[in-house]
Protein chains: 2
Amino acid sequence: MLTPERHKLILQLIKEKGVVKIQDLVDLTETSESTIRRDLTQLEEGKYLKRIHGGAARLQGKLQEPSMTEKSSKNLQQKRQIAKYAAGLVEEGDSIYLDAGSTVTEIIPFLPSKEIVVVTNGLMHINALLERNIKTFIIGGFAKEQTKAIIGRGAMASLEHYRFDKCFMGVNGIHPQFGYTTPDQDEAMIKQMAISLSREAFILADDTKFSEIAFAKIADLHTATIITNGLDEEHQEPYASKTTIKVVTA
Amino acid sequence: MLTPERHKLILQLIKEKGVVKIQDLVDLTETSESTIRRDLTQLEEGKYLKRIHGGAARLQGKLQEPSMTEKSSKNLQQKRQIAKYAAGLVEEGDSIYLDAGSTVTEIIPFLPSKEIVVVTNGLMHINALLERNIKTFIIGGFAKEQTKAIIGRGAMASLEHYRFDKCFMGVNGIHPQFGYTTPDQDEAMIKQMAISLSREAFILADDTKFSEIAFAKIADLHTATIITNGLDEEHQEPYASKTTIKVVTA
DNA sequence: TCAAAAATAATCAAAATCAATCATTTTATC
DNA sequence: GATAAAATGATTGATTTTGATTATTTTTGA
(Lines give C-alpha, C1' and ligand atoms only; values in the text may rest on other atoms or scores of the structure.)
Protein backbone atom coordinates (compact mmCIF):
# COMPACT_ATOMS: atom_id res chain seq x y z
CA MET A 1 0.00 0.00 0.00
CA LEU A 2 1.27 3.43 -0.96
CA THR A 3 2.15 5.98 1.65
CA PRO A 4 -0.54 8.52 0.79
CA GLU A 5 -3.13 5.80 0.87
CA ARG A 6 -2.11 4.85 4.35
CA HIS A 7 -2.08 8.43 5.46
CA LYS A 8 -5.52 8.93 4.10
CA LEU A 9 -6.82 5.85 5.85
CA ILE A 10 -5.24 6.89 9.10
CA LEU A 11 -6.67 10.37 8.97
CA GLN A 12 -10.04 9.05 7.98
CA LEU A 13 -10.17 6.67 10.91
CA ILE A 14 -9.00 9.34 13.29
CA LYS A 15 -11.58 11.73 12.01
CA GLU A 16 -14.27 9.18 12.66
CA LYS A 17 -13.20 7.85 15.99
CA GLY A 18 -11.21 10.66 17.54
CA VAL A 19 -8.45 8.37 18.73
CA VAL A 20 -6.92 5.22 17.30
CA LYS A 21 -4.55 2.57 18.61
CA ILE A 22 -1.40 1.76 16.71
CA GLN A 23 -2.35 -1.88 16.52
CA ASP A 24 -5.64 -1.02 14.87
CA LEU A 25 -3.78 0.87 12.20
CA VAL A 26 -1.39 -2.02 11.73
CA ASP A 27 -4.33 -4.33 11.16
CA LEU A 28 -6.13 -1.85 8.96
CA THR A 29 -3.21 -1.19 6.67
CA GLU A 30 -1.55 -4.57 6.92
CA THR A 31 1.87 -3.11 7.44
CA SER A 32 4.32 -3.21 10.31
CA GLU A 33 4.27 -1.25 13.49
CA SER A 34 7.42 0.55 12.41
CA THR A 35 5.75 1.88 9.31
CA ILE A 36 2.75 3.11 11.20
CA ARG A 37 4.96 4.85 13.71
CA ARG A 38 6.80 6.60 10.94
CA ASP A 39 3.50 7.60 9.36
CA LEU A 40 2.26 9.05 12.61
CA THR A 41 5.47 10.99 13.08
CA GLN A 42 5.11 12.51 9.64
CA LEU A 43 1.46 13.31 10.04
CA GLU A 44 2.13 14.92 13.37
CA GLU A 45 4.80 17.09 11.82
CA GLY A 46 2.29 18.15 9.21
CA LYS A 47 -0.14 19.06 12.00
CA TYR A 48 -2.69 16.53 10.88
CA LEU A 49 -2.95 14.76 14.21
CA LYS A 50 -1.45 14.47 17.64
CA ARG A 51 0.44 11.45 18.78
CA ILE A 52 -0.48 9.99 22.11
CA HIS A 53 0.99 7.08 23.96
CA GLY A 54 -0.42 4.01 22.28
CA GLY A 55 -1.73 5.72 19.18
CA ALA A 56 -2.85 9.04 17.84
CA ALA A 57 -5.66 11.52 18.32
CA ARG A 58 -7.46 14.10 16.29
CA LEU A 59 -6.52 17.66 17.05
CA GLN A 60 -9.54 19.86 17.51
CA GLY A 61 -7.53 23.00 17.94
CA LYS A 62 -8.14 24.62 14.68
CA LEU A 63 -7.84 25.18 11.01
CA GLN A 64 -10.02 22.77 9.15
CA GLU A 65 -11.42 24.80 6.33
CA PRO A 66 -10.18 28.34 5.89
CA SER A 67 -11.99 31.03 3.87
CA MET A 68 -15.76 31.09 3.82
CA THR A 69 -17.70 33.70 5.62
CA GLU A 70 -19.18 33.11 9.00
CA LYS A 71 -22.67 32.60 7.72
CA SER A 72 -22.10 30.55 4.62
CA SER A 73 -19.64 28.38 6.44
CA LYS A 74 -22.07 27.66 9.21
CA ASN A 75 -24.78 27.18 6.65
CA LEU A 76 -22.61 24.84 4.65
CA GLN A 77 -21.76 22.84 7.73
CA GLN A 78 -25.45 22.38 8.39
CA LYS A 79 -26.06 21.36 4.81
CA ARG A 80 -23.23 18.88 4.99
CA GLN A 81 -24.58 17.36 8.15
CA ILE A 82 -27.97 16.89 6.62
CA ALA A 83 -26.47 15.67 3.37
CA LYS A 84 -24.24 13.15 5.05
CA TYR A 85 -27.13 11.66 6.90
CA ALA A 86 -29.17 11.52 3.73
CA ALA A 87 -26.37 9.80 1.84
CA GLY A 88 -26.25 7.20 4.59
CA LEU A 89 -29.77 6.17 3.64
CA VAL A 90 -28.68 5.12 0.18
CA GLU A 91 -27.94 1.43 -0.16
CA GLU A 92 -26.03 -0.46 -2.80
CA GLY A 93 -28.22 -1.19 -5.76
CA ASP A 94 -30.53 1.76 -5.18
CA SER A 95 -31.74 3.95 -7.96
CA ILE A 96 -32.13 7.46 -6.64
CA TYR A 97 -33.33 10.82 -7.88
CA LEU A 98 -31.42 13.95 -6.97
CA ASP A 99 -33.37 17.12 -7.50
CA ALA A 100 -31.60 20.31 -8.57
CA GLY A 101 -30.35 22.47 -5.74
CA SER A 102 -27.27 23.31 -3.76
CA THR A 103 -28.26 21.36 -0.66
CA VAL A 104 -28.65 18.20 -2.66
CA THR A 105 -25.22 18.65 -4.25
CA GLU A 106 -23.68 18.14 -0.85
CA ILE A 107 -24.95 14.59 -0.80
CA ILE A 108 -22.78 13.51 -3.68
CA PRO A 109 -19.40 13.22 -1.95
CA PHE A 110 -20.95 10.91 0.63
CA LEU A 111 -22.76 8.58 -1.74
CA PRO A 112 -21.62 5.00 -2.14
CA SER A 113 -20.17 5.00 -5.63
CA LYS A 114 -20.69 1.42 -6.62
CA GLU A 115 -23.85 -0.14 -7.84
CA ILE A 116 -26.10 2.85 -7.58
CA VAL A 117 -27.87 4.70 -10.35
CA VAL A 118 -28.59 8.39 -10.11
CA VAL A 119 -31.15 10.30 -12.14
CA THR A 120 -31.16 14.05 -11.85
CA ASN A 121 -32.53 17.25 -13.34
CA GLY A 122 -29.73 19.27 -11.77
CA LEU A 123 -27.01 20.36 -14.15
CA MET A 124 -24.91 21.52 -11.22
CA HIS A 125 -24.64 17.93 -10.01
CA ILE A 126 -23.27 16.44 -13.16
CA ASN A 127 -19.59 17.08 -12.73
CA ALA A 128 -19.51 15.92 -9.13
CA LEU A 129 -21.38 12.75 -10.05
CA LEU A 130 -19.22 11.90 -13.03
CA GLU A 131 -16.04 12.57 -11.09
CA ARG A 132 -17.16 10.01 -8.57
CA ASN A 133 -17.81 7.59 -11.42
CA ILE A 134 -21.43 7.23 -10.50
CA LYS A 135 -23.77 5.94 -13.16
CA THR A 136 -25.72 9.05 -14.02
CA PHE A 137 -28.78 9.79 -16.12
CA ILE A 138 -30.04 13.26 -16.75
CA ILE A 139 -33.59 13.99 -17.70
CA GLY A 140 -34.26 15.93 -20.86
CA GLY A 141 -36.00 19.24 -21.16
CA PHE A 142 -35.63 22.97 -20.89
CA ALA A 143 -32.54 24.25 -19.10
CA LYS A 144 -33.42 27.05 -16.74
CA GLU A 145 -30.61 29.51 -16.36
CA GLN A 146 -30.92 30.76 -12.79
CA THR A 147 -31.27 27.43 -11.07
CA LYS A 148 -29.48 25.22 -13.62
CA ALA A 149 -32.42 22.88 -13.44
CA ILE A 150 -34.10 20.95 -16.23
CA ILE A 151 -37.79 21.70 -16.24
CA GLY A 152 -40.87 21.85 -18.43
CA ARG A 153 -43.13 19.46 -20.27
CA GLY A 154 -40.27 17.56 -21.79
CA ALA A 155 -38.71 17.08 -18.39
CA MET A 156 -41.93 15.62 -17.05
CA ALA A 157 -42.16 13.21 -19.95
CA SER A 158 -38.53 12.27 -19.53
CA LEU A 159 -38.88 11.69 -15.80
CA GLU A 160 -41.87 9.47 -16.38
CA HIS A 161 -39.55 6.79 -17.74
CA TYR A 162 -37.88 6.17 -14.40
CA ARG A 163 -38.74 4.74 -10.99
CA PHE A 164 -36.72 5.36 -7.85
CA ASP A 165 -35.99 3.72 -4.56
CA LYS A 166 -35.38 7.08 -2.97
CA CYS A 167 -35.46 10.71 -3.97
CA PHE A 168 -33.86 13.73 -2.34
CA MET A 169 -34.78 17.35 -2.77
CA GLY A 170 -34.76 20.75 -1.16
CA VAL A 171 -37.79 23.00 -0.79
CA ASN A 172 -38.38 26.63 0.10
CA GLY A 173 -41.24 26.25 2.50
CA ILE A 174 -42.55 23.63 4.91
CA HIS A 175 -45.88 24.34 6.52
CA PRO A 176 -48.30 22.20 8.56
CA GLN A 177 -51.25 23.20 6.45
CA PHE A 178 -49.79 24.05 3.04
CA GLY A 179 -47.18 21.31 2.89
CA TYR A 180 -44.00 21.66 0.82
CA THR A 181 -43.73 24.71 -1.43
CA THR A 182 -41.27 26.32 -3.85
CA PRO A 183 -41.36 29.56 -5.88
CA ASP A 184 -41.36 28.12 -9.40
CA GLN A 185 -44.36 26.20 -10.57
CA ASP A 186 -42.48 24.22 -13.17
CA GLU A 187 -39.97 23.08 -10.62
CA ALA A 188 -42.78 22.22 -8.25
CA MET A 189 -44.31 19.92 -10.83
CA ILE A 190 -41.04 18.09 -11.34
CA LYS A 191 -40.53 17.68 -7.63
CA GLN A 192 -44.05 16.44 -7.18
CA MET A 193 -43.62 13.89 -9.90
CA ALA A 194 -40.28 12.73 -8.53
CA ILE A 195 -41.88 12.12 -5.14
CA SER A 196 -44.65 10.10 -6.68
CA LEU A 197 -42.17 7.99 -8.62
CA SER A 198 -40.13 7.13 -5.51
CA ARG A 199 -40.71 4.43 -2.95
CA GLU A 200 -39.42 6.88 -0.34
CA ALA A 201 -38.99 10.63 -0.59
CA PHE A 202 -36.73 12.83 1.54
CA ILE A 203 -36.84 16.58 1.96
CA LEU A 204 -33.56 18.19 3.03
CA ALA A 205 -34.21 21.40 4.90
CA ASP A 206 -32.47 23.56 7.44
CA ASP A 207 -34.61 25.04 10.20
CA THR A 208 -35.27 28.31 8.37
CA LYS A 209 -37.61 26.54 5.98
CA PHE A 210 -40.20 25.64 8.58
CA SER A 211 -43.40 27.67 8.74
CA GLU A 212 -42.53 29.24 5.41
CA ILE A 213 -44.83 29.21 2.40
CA ALA A 214 -43.71 29.73 -1.21
CA PHE A 215 -45.89 30.18 -4.27
CA ALA A 216 -46.19 26.72 -5.76
CA LYS A 217 -47.26 23.68 -3.82
CA ILE A 218 -45.29 20.50 -4.27
CA ALA A 219 -47.05 18.03 -2.05
CA ASP A 220 -48.56 17.38 1.37
CA LEU A 221 -46.31 16.81 4.34
CA HIS A 222 -47.00 13.10 4.68
CA THR A 223 -45.63 12.29 1.23
CA ALA A 224 -42.01 12.70 2.33
CA THR A 225 -39.68 12.37 5.27
CA ILE A 226 -37.99 15.57 6.41
CA ILE A 227 -34.30 15.58 7.24
CA THR A 228 -33.28 18.66 9.14
CA ASN A 229 -31.12 19.80 12.01
CA GLY A 230 -31.30 21.96 15.08
CA LEU A 231 -35.06 21.98 15.24
CA ASP A 232 -36.10 21.82 18.86
CA GLU A 233 -38.98 19.67 20.00
CA GLU A 234 -41.34 22.53 20.52
CA HIS A 235 -41.14 23.55 16.87
CA GLN A 236 -41.37 20.00 15.64
CA GLU A 237 -44.72 19.50 17.23
CA PRO A 238 -46.99 20.90 14.50
CA TYR A 239 -45.29 18.63 11.94
CA ALA A 240 -44.63 15.52 13.95
CA SER A 241 -48.17 14.29 13.69
CA LYS A 242 -48.29 14.69 9.92
CA THR A 243 -44.98 13.32 8.76
CA THR A 244 -41.70 11.87 9.88
CA ILE A 245 -38.91 14.23 10.85
CA LYS A 246 -35.35 13.14 11.29
CA VAL A 247 -33.34 15.70 13.21
CA VAL A 248 -29.63 15.30 12.59
CA THR A 249 -27.50 16.39 15.50
CA ALA A 250 -23.92 17.56 15.44
CA MET B 1 -0.17 1.33 -27.33
CA LEU B 2 0.28 4.95 -28.30
CA THR B 3 1.62 7.49 -25.86
CA PRO B 4 -1.47 9.70 -25.70
CA GLU B 5 -3.60 6.64 -25.10
CA ARG B 6 -1.48 5.62 -22.18
CA HIS B 7 -1.52 9.07 -20.75
CA LYS B 8 -5.25 9.17 -20.98
CA LEU B 9 -5.58 5.82 -19.26
CA ILE B 10 -3.21 6.84 -16.53
CA LEU B 11 -5.03 10.07 -15.84
CA GLN B 12 -8.34 8.30 -15.91
CA LEU B 13 -7.26 5.73 -13.36
CA ILE B 14 -5.73 8.36 -11.14
CA LYS B 15 -8.86 10.40 -11.30
CA GLU B 16 -10.85 7.39 -10.20
CA LYS B 17 -8.66 6.08 -7.47
CA GLY B 18 -6.69 9.06 -6.25
CA VAL B 19 -3.45 7.13 -6.20
CA VAL B 20 -2.08 4.36 -8.40
CA LYS B 21 0.87 2.03 -8.16
CA ILE B 22 3.35 1.85 -10.98
CA GLN B 23 2.87 -1.88 -11.27
CA ASP B 24 -0.85 -1.45 -11.78
CA LEU B 25 -0.15 0.88 -14.65
CA VAL B 26 2.32 -1.57 -16.13
CA ASP B 27 -0.32 -4.28 -16.05
CA LEU B 28 -3.01 -1.98 -17.34
CA THR B 29 -1.06 -0.70 -20.31
CA GLU B 30 1.02 -3.79 -20.94
CA THR B 31 4.19 -1.84 -21.30
CA SER B 32 7.40 -1.74 -19.34
CA GLU B 33 8.11 -0.03 -16.07
CA SER B 34 10.50 2.31 -17.83
CA THR B 35 7.81 3.58 -20.12
CA ILE B 36 5.41 4.19 -17.30
CA ARG B 37 8.07 6.06 -15.39
CA ARG B 38 8.71 8.25 -18.37
CA ASP B 39 4.98 8.84 -18.75
CA LEU B 40 4.67 9.84 -15.13
CA THR B 41 7.58 12.19 -15.39
CA GLN B 42 6.02 13.90 -18.38
CA LEU B 43 2.59 14.10 -16.82
CA GLU B 44 4.06 15.55 -13.68
CA GLU B 45 5.84 18.21 -15.67
CA GLY B 46 2.54 19.08 -17.30
CA LYS B 47 1.01 19.42 -13.84
CA TYR B 48 -1.42 16.60 -14.42
CA LEU B 49 -0.41 14.55 -11.41
CA LYS B 50 2.08 14.23 -8.63
CA ARG B 51 4.61 11.47 -8.49
CA ILE B 52 5.00 9.65 -5.24
CA HIS B 53 7.29 6.85 -4.27
CA GLY B 54 5.71 3.74 -5.76
CA GLY B 55 3.32 5.46 -8.09
CA ALA B 56 1.47 8.68 -8.66
CA ALA B 57 -1.30 10.67 -7.06
CA ARG B 58 -3.93 13.11 -8.15
CA LEU B 59 -3.14 16.67 -7.32
CA GLN B 60 -5.95 18.50 -5.61
CA GLY B 61 -4.34 21.83 -6.26
CA LYS B 62 -7.20 22.31 -8.71
CA LEU B 63 -6.42 23.92 -12.05
CA GLN B 64 -7.33 21.01 -14.26
CA GLU B 65 -7.95 22.22 -17.76
CA PRO B 66 -5.72 25.16 -18.51
CA SER B 67 -2.37 23.95 -19.75
CA MET B 68 -2.87 24.03 -23.47
CA THR B 69 -0.04 22.65 -25.49
CA GLU B 70 1.46 24.27 -28.55
CA LYS B 71 -0.51 22.03 -30.75
CA SER B 72 -3.95 22.43 -29.25
CA SER B 73 -3.64 26.19 -29.32
CA LYS B 74 -3.06 26.22 -33.03
CA ASN B 75 -5.82 23.71 -33.28
CA LEU B 76 -8.12 26.02 -31.38
CA GLN B 77 -7.57 28.80 -33.88
CA GLN B 78 -8.66 26.51 -36.67
CA LYS B 79 -11.66 25.39 -34.71
CA ARG B 80 -12.69 28.97 -34.10
CA GLN B 81 -12.49 29.79 -37.78
CA ILE B 82 -14.68 26.89 -38.68
CA ALA B 83 -17.05 27.58 -35.82
CA LYS B 84 -17.46 31.21 -36.72
CA TYR B 85 -18.44 30.36 -40.25
CA ALA B 86 -20.88 27.75 -39.02
CA ALA B 87 -22.51 30.18 -36.62
CA GLY B 88 -23.04 32.55 -39.53
CA LEU B 89 -25.34 29.99 -41.11
CA VAL B 90 -27.79 30.20 -38.25
CA GLU B 91 -30.70 32.54 -38.84
CA GLU B 92 -33.13 34.11 -36.45
CA GLY B 93 -35.93 31.76 -35.63
CA ASP B 94 -33.92 28.64 -36.32
CA SER B 95 -34.02 25.61 -34.10
CA ILE B 96 -30.63 23.97 -34.13
CA TYR B 97 -28.98 20.90 -32.69
CA LEU B 98 -25.47 21.12 -31.27
CA ASP B 99 -23.78 17.77 -30.85
CA ALA B 100 -21.37 17.16 -27.99
CA GLY B 101 -17.76 17.97 -28.71
CA SER B 102 -15.16 20.65 -28.27
CA THR B 103 -15.31 21.91 -31.83
CA VAL B 104 -19.00 22.56 -31.58
CA THR B 105 -18.57 24.47 -28.32
CA GLU B 106 -16.69 27.12 -30.24
CA ILE B 107 -19.82 27.95 -32.20
CA ILE B 108 -21.67 29.23 -29.18
CA PRO B 109 -20.03 32.64 -28.76
CA PHE B 110 -20.84 33.46 -32.38
CA LEU B 111 -24.48 32.42 -32.36
CA PRO B 112 -27.22 35.02 -32.68
CA SER B 113 -28.78 34.99 -29.24
CA LYS B 114 -32.30 36.05 -30.03
CA GLU B 115 -35.07 33.93 -31.30
CA ILE B 116 -33.18 30.74 -31.70
CA VAL B 117 -33.70 27.46 -29.91
CA VAL B 118 -30.83 25.10 -29.23
CA VAL B 119 -31.11 21.42 -28.43
CA THR B 120 -27.98 19.60 -27.37
CA ASN B 121 -26.64 16.39 -25.90
CA GLY B 122 -23.41 18.09 -24.87
CA LEU B 123 -23.10 18.89 -21.20
CA MET B 124 -20.00 20.94 -21.91
CA HIS B 125 -22.12 23.39 -23.87
CA ILE B 126 -24.67 24.19 -21.24
CA ASN B 127 -22.91 26.91 -19.34
CA ALA B 128 -21.85 28.78 -22.45
CA LEU B 129 -25.38 28.59 -23.84
CA LEU B 130 -27.08 29.75 -20.67
CA GLU B 131 -24.62 32.59 -20.22
CA ARG B 132 -25.62 33.86 -23.62
CA ASN B 133 -29.28 33.59 -22.62
CA ILE B 134 -30.01 31.21 -25.42
CA LYS B 135 -33.13 29.11 -25.10
CA THR B 136 -31.65 25.69 -24.45
CA PHE B 137 -33.03 22.20 -24.25
CA ILE B 138 -30.96 19.23 -23.27
CA ILE B 139 -31.88 15.73 -24.26
CA GLY B 140 -32.23 13.13 -21.51
CA GLY B 141 -30.22 9.94 -21.11
CA PHE B 142 -27.02 8.47 -19.84
CA ALA B 143 -24.20 10.88 -19.10
CA LYS B 144 -20.90 9.57 -20.45
CA GLU B 145 -18.01 10.71 -18.38
CA GLN B 146 -15.16 11.05 -20.85
CA THR B 147 -16.97 13.02 -23.50
CA LYS B 148 -19.62 14.64 -21.29
CA ALA B 149 -22.17 13.57 -23.85
CA ILE B 150 -25.68 12.28 -23.27
CA ILE B 151 -26.08 8.96 -25.03
CA GLY B 152 -28.02 5.71 -24.99
CA ARG B 153 -31.52 4.53 -25.64
CA GLY B 154 -33.08 7.25 -23.55
CA ALA B 155 -31.19 9.87 -25.46
CA MET B 156 -32.48 8.52 -28.74
CA ALA B 157 -36.04 8.59 -27.49
CA SER B 158 -35.56 12.07 -26.13
CA LEU B 159 -34.10 13.36 -29.37
CA GLU B 160 -37.00 11.95 -31.30
CA HIS B 161 -39.24 14.67 -29.91
CA TYR B 162 -37.47 17.43 -31.78
CA ARG B 163 -36.98 18.65 -35.33
CA PHE B 164 -34.22 20.99 -36.43
CA ASP B 165 -33.51 23.52 -39.11
CA LYS B 166 -29.81 22.83 -38.84
CA CYS B 167 -27.50 20.60 -36.87
CA PHE B 168 -23.78 20.88 -36.21
CA MET B 169 -21.39 18.14 -35.16
CA GLY B 170 -17.82 16.97 -35.21
CA VAL B 171 -16.67 13.57 -36.40
CA ASN B 172 -13.46 11.57 -36.19
CA GLY B 173 -13.24 10.30 -39.71
CA ILE B 174 -14.35 11.43 -43.16
CA HIS B 175 -13.82 8.99 -45.99
CA PRO B 176 -15.08 8.88 -49.60
CA GLN B 177 -16.25 5.32 -49.25
CA PHE B 178 -17.03 4.88 -45.55
CA GLY B 179 -18.56 8.28 -44.94
CA TYR B 180 -18.56 9.89 -41.51
CA THR B 181 -17.29 7.81 -38.59
CA THR B 182 -16.64 8.12 -34.86
CA PRO B 183 -15.18 5.73 -32.26
CA ASP B 184 -18.25 5.27 -30.06
CA GLN B 185 -21.22 3.46 -31.47
CA ASP B 186 -23.69 5.05 -29.10
CA GLU B 187 -22.53 8.48 -30.07
CA ALA B 188 -22.69 7.51 -33.70
CA MET B 189 -26.33 6.60 -33.36
CA ILE B 190 -27.19 9.92 -31.79
CA LYS B 191 -25.35 11.81 -34.50
CA GLN B 192 -27.05 9.80 -37.18
CA MET B 193 -30.43 10.53 -35.74
CA ALA B 194 -29.70 14.21 -35.35
CA ILE B 195 -28.78 14.41 -39.02
CA SER B 196 -31.97 12.72 -40.06
CA LEU B 197 -34.03 15.10 -37.92
CA SER B 198 -32.45 18.18 -39.48
CA ARG B 199 -33.32 19.98 -42.68
CA GLU B 200 -29.62 20.65 -43.13
CA ALA B 201 -26.67 19.00 -41.41
CA PHE B 202 -23.15 20.37 -41.05
CA ILE B 203 -19.98 18.53 -40.17
CA LEU B 204 -17.23 20.64 -38.61
CA ALA B 205 -13.83 19.11 -39.32
CA ASP B 206 -10.25 20.24 -39.53
CA ASP B 207 -8.14 18.75 -42.32
CA THR B 208 -6.75 15.92 -40.19
CA LYS B 209 -10.13 14.18 -40.25
CA PHE B 210 -10.11 13.50 -43.96
CA SER B 211 -9.29 9.99 -45.18
CA GLU B 212 -9.62 8.76 -41.61
CA ILE B 213 -11.93 5.94 -40.58
CA ALA B 214 -13.17 5.35 -37.05
CA PHE B 215 -15.09 2.37 -35.76
CA ALA B 216 -18.71 3.37 -35.96
CA LYS B 217 -20.39 4.75 -39.04
CA ILE B 218 -22.60 7.78 -38.70
CA ALA B 219 -23.82 8.40 -42.22
CA ASP B 220 -22.87 8.69 -45.87
CA LEU B 221 -21.09 11.75 -47.12
CA HIS B 222 -24.04 13.21 -49.01
CA THR B 223 -26.19 13.55 -45.90
CA ALA B 224 -24.26 16.54 -44.60
CA THR B 225 -22.26 19.56 -45.67
CA ILE B 226 -18.65 19.64 -44.53
CA ILE B 227 -17.16 22.81 -43.12
CA THR B 228 -13.39 22.67 -42.95
CA ASN B 229 -10.30 24.77 -43.51
CA GLY B 230 -6.96 24.56 -45.21
CA LEU B 231 -7.89 21.66 -47.42
CA ASP B 232 -6.33 22.20 -50.83
CA GLU B 233 -8.22 21.44 -54.00
CA GLU B 234 -6.36 18.29 -54.75
CA HIS B 235 -7.49 16.68 -51.51
CA GLN B 236 -11.03 17.91 -51.91
CA GLU B 237 -11.48 16.06 -55.13
CA PRO B 238 -12.48 12.62 -53.85
CA TYR B 239 -15.19 14.23 -51.74
CA ALA B 240 -16.38 17.04 -53.94
CA SER B 241 -18.46 14.79 -56.14
CA LYS B 242 -20.24 13.19 -53.20
CA THR B 243 -21.06 16.10 -50.96
CA THR B 244 -20.68 19.82 -50.46
CA ILE B 245 -17.51 21.14 -48.89
CA LYS B 246 -17.13 24.65 -47.61
CA VAL B 247 -13.49 25.55 -47.09
CA VAL B 248 -13.09 28.44 -44.69
CA THR B 249 -10.03 30.53 -45.30
CA ALA B 250 -8.14 32.64 -42.83
C1' DT C 1 8.52 3.10 45.02
C1' DC C 2 9.79 -0.67 42.27
C1' DA C 3 9.58 -4.22 38.88
C1' DA C 4 7.08 -6.05 34.98
C1' DA C 5 4.68 -4.90 30.94
C1' DA C 6 3.79 -2.00 27.23
C1' DA C 7 5.05 1.41 24.10
C1' DT C 8 8.50 3.96 21.83
C1' DA C 9 12.81 5.24 19.50
C1' DA C 10 16.97 3.97 17.22
C1' DT C 11 19.44 0.96 14.27
C1' DC C 12 20.28 -1.94 10.41
C1' DA C 13 19.78 -5.15 6.65
C1' DA C 14 16.56 -6.57 3.07
C1' DA C 15 13.30 -5.29 -0.27
C1' DA C 16 11.26 -2.12 -3.28
C1' DT C 17 11.59 1.73 -6.03
C1' DC C 18 14.11 5.02 -8.54
C1' DA C 19 17.13 7.59 -12.13
C1' DA C 20 20.44 7.01 -15.58
C1' DT C 21 22.24 4.59 -19.38
C1' DC C 22 22.34 1.98 -23.57
C1' DA C 23 21.00 -1.30 -27.15
C1' DT C 24 16.97 -2.23 -29.80
C1' DT C 25 12.74 -1.35 -32.01
C1' DT C 26 9.45 1.65 -33.99
C1' DT C 27 8.21 5.76 -36.36
C1' DA C 28 8.82 9.67 -39.24
C1' DT C 29 11.20 12.10 -43.14
C1' DC C 30 13.40 12.43 -47.11
C1' DG D 1 14.40 2.19 -49.35
C1' DA D 2 17.83 4.74 -46.44
C1' DT D 3 18.48 7.71 -42.76
C1' DA D 4 17.48 10.20 -38.71
C1' DA D 5 14.61 10.80 -34.80
C1' DA D 6 11.79 9.11 -31.27
C1' DA D 7 10.08 5.62 -28.27
C1' DT D 8 10.82 1.48 -25.85
C1' DG D 9 12.63 -2.18 -22.68
C1' DA D 10 16.32 -4.09 -20.13
C1' DT D 11 20.15 -3.35 -16.98
C1' DT D 12 22.81 -1.07 -13.61
C1' DG D 13 23.86 1.12 -9.29
C1' DA D 14 21.86 4.62 -6.12
C1' DT D 15 18.11 5.88 -3.12
C1' DT D 16 14.01 5.19 -0.42
C1' DT D 17 10.98 2.48 2.14
C1' DT D 18 10.16 -1.23 5.00
C1' DG D 19 10.15 -4.75 8.79
C1' DA D 20 12.74 -6.91 12.32
C1' DT D 21 15.70 -6.33 16.19
C1' DT D 22 17.36 -4.15 20.12
C1' DA D 23 17.77 -0.58 23.48
C1' DT D 24 15.29 3.01 25.91
C1' DT D 25 11.38 5.22 27.90
C1' DT D 26 6.77 5.31 29.72
C1' DT D 27 2.94 3.20 31.95
C1' DT D 28 0.91 -0.04 35.06
C1' DG D 29 -0.13 -2.35 39.27
C1' DA D 30 1.29 -4.34 43.38
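A, B, ... follow the sequence lines: proteins, then strands. Residue 1 opens every chain.
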Exercise. Can you tell me if CD on B:Gln42 sees more than 12 non-hydrogen neighbours from other groups inside 6.0 Å?
Worked result: yes

When rounded to whole Å, the CD to C1' distance for the pair A:Gln42 and D:dT18 reads 12 Å

Kindly say if A:Arg6 contacts the phosphate of D:dT18, meaning a side-chain N or O under 4.0 Å from OP1 or OP2. yes

Classify the ring geometry between B:Phe202 and B:Phe168 as parallel (under 30°), tilted (30 to 60°) or perpendicular (over 60°). parallel

Please list, pair by pair, any protein nitrogen or oxygen found under 3.5 Å from a nitrogen or oxygen in nucleotides 23-25 of chain D.
none

Margin query: Could you check whether A:Asp206 pairs with A:Lys79 (Lys NZ or Arg NE/NH1/NH2 to Asp/Glu carboxylate O, under 4.0 Å)?
Written below: no

Task: Polar side chain donor-acceptor pair, B:Glu200 to B:Thr225, under 3.5 angstrom - done: no

Are side-chain N/O atoms of B:His222 and B:Thr243 paired as donor and acceptor at under 3.5 Å?
no

Between CD of A:Glu33 and C1' of D:dT21 the distance, given in whole Å, is 12 Å

Could you list the protein-to-nucleotides 10-13 of chain D atom pairs, N/O on both sides, closer than 3.5 Å?
| from | atom 1 | to | atom 2 | distance (Å) |
| --- | --- | --- | --- | --- |
| D:dA10 | N7 | B:Ser34 | OG | 3.1 |
| D:dA10 | N6 | B:Ser34 | OG | 3.1 |

Notebook entry, point to check: Does a side chain donor of either A:Ser102 or A:Thr105 reach within less than 3.5 Å of an acceptor in the other side chain?
Noted result: no

Contact span of DNA chain C against chain A, any nucleotide atom under 4.0 Å from a heavy atom, 5' to 3', runs C:dA7 to C:dA9

Expected list for residues 20-31 of chain B near DNA chain C, using heavy atoms below 4.0 Å, is B:Ile22

Any salt bridge linking B:Arg80 with B:Glu106? Criterion: basic side-chain nitrogen under 4.0 Å from a carboxylate oxygen. yes

Problem set entry | Under 3.5 Å side-chain donor-acceptor pair for A:Asn127 and A:Glu131 | no

Counting any heavy atom closer than 4.0 Å, what does A:Ile52 reach on the DNA or RNA strands: base, sugar-phosphate only, or nothing? sugar-phosphate

query: So, are B:Lys144 and B:Asp184 salt-bridged, with charged N and O less than 4.0 Å apart?
result: yes

Identify each donor-acceptor pair in which a side-chain atom of residues 173-183 of chain B lies under 3.5 Å from a protein atom, sequence neighbours left out, and give them as a table.
| from | atom 1 | to | atom 2 | distance (Å) |
| --- | --- | --- | --- | --- |
| B:His175 | ND1 | B:Gln177 | N | 3.0 |
| B:His175 | ND1 | B:Phe178 | N | 3.3 |
| B:Tyr180 | OH | B:Leu221 | O | 2.8 |
| B:Tyr180 | OH | B:Ala224 | O | 3.2 |
| B:Thr181 | OG1 | B:Ala214 | N | 2.7 |
| B:Thr182 | OG1 | B:Asn172 | OD1 | 3.2 |

Practice problem: In plain terms, say whether A:Glu115 and A:Lys135 are close enough for a salt bridge, that is, a side-chain N and a carboxylate O under 4.0 Å apart. | Solution: no

The complete set of ring-ring contact (aromatic ring centres under 6.0 Å, His included) pairs with one or both residues in residues 4-53 of chain A, sequence neighbours excluded, reads none

dist B:Gln81:CD -> B:Leu204:CG (nearest 0.5 Å) comes out at 12.5 Å

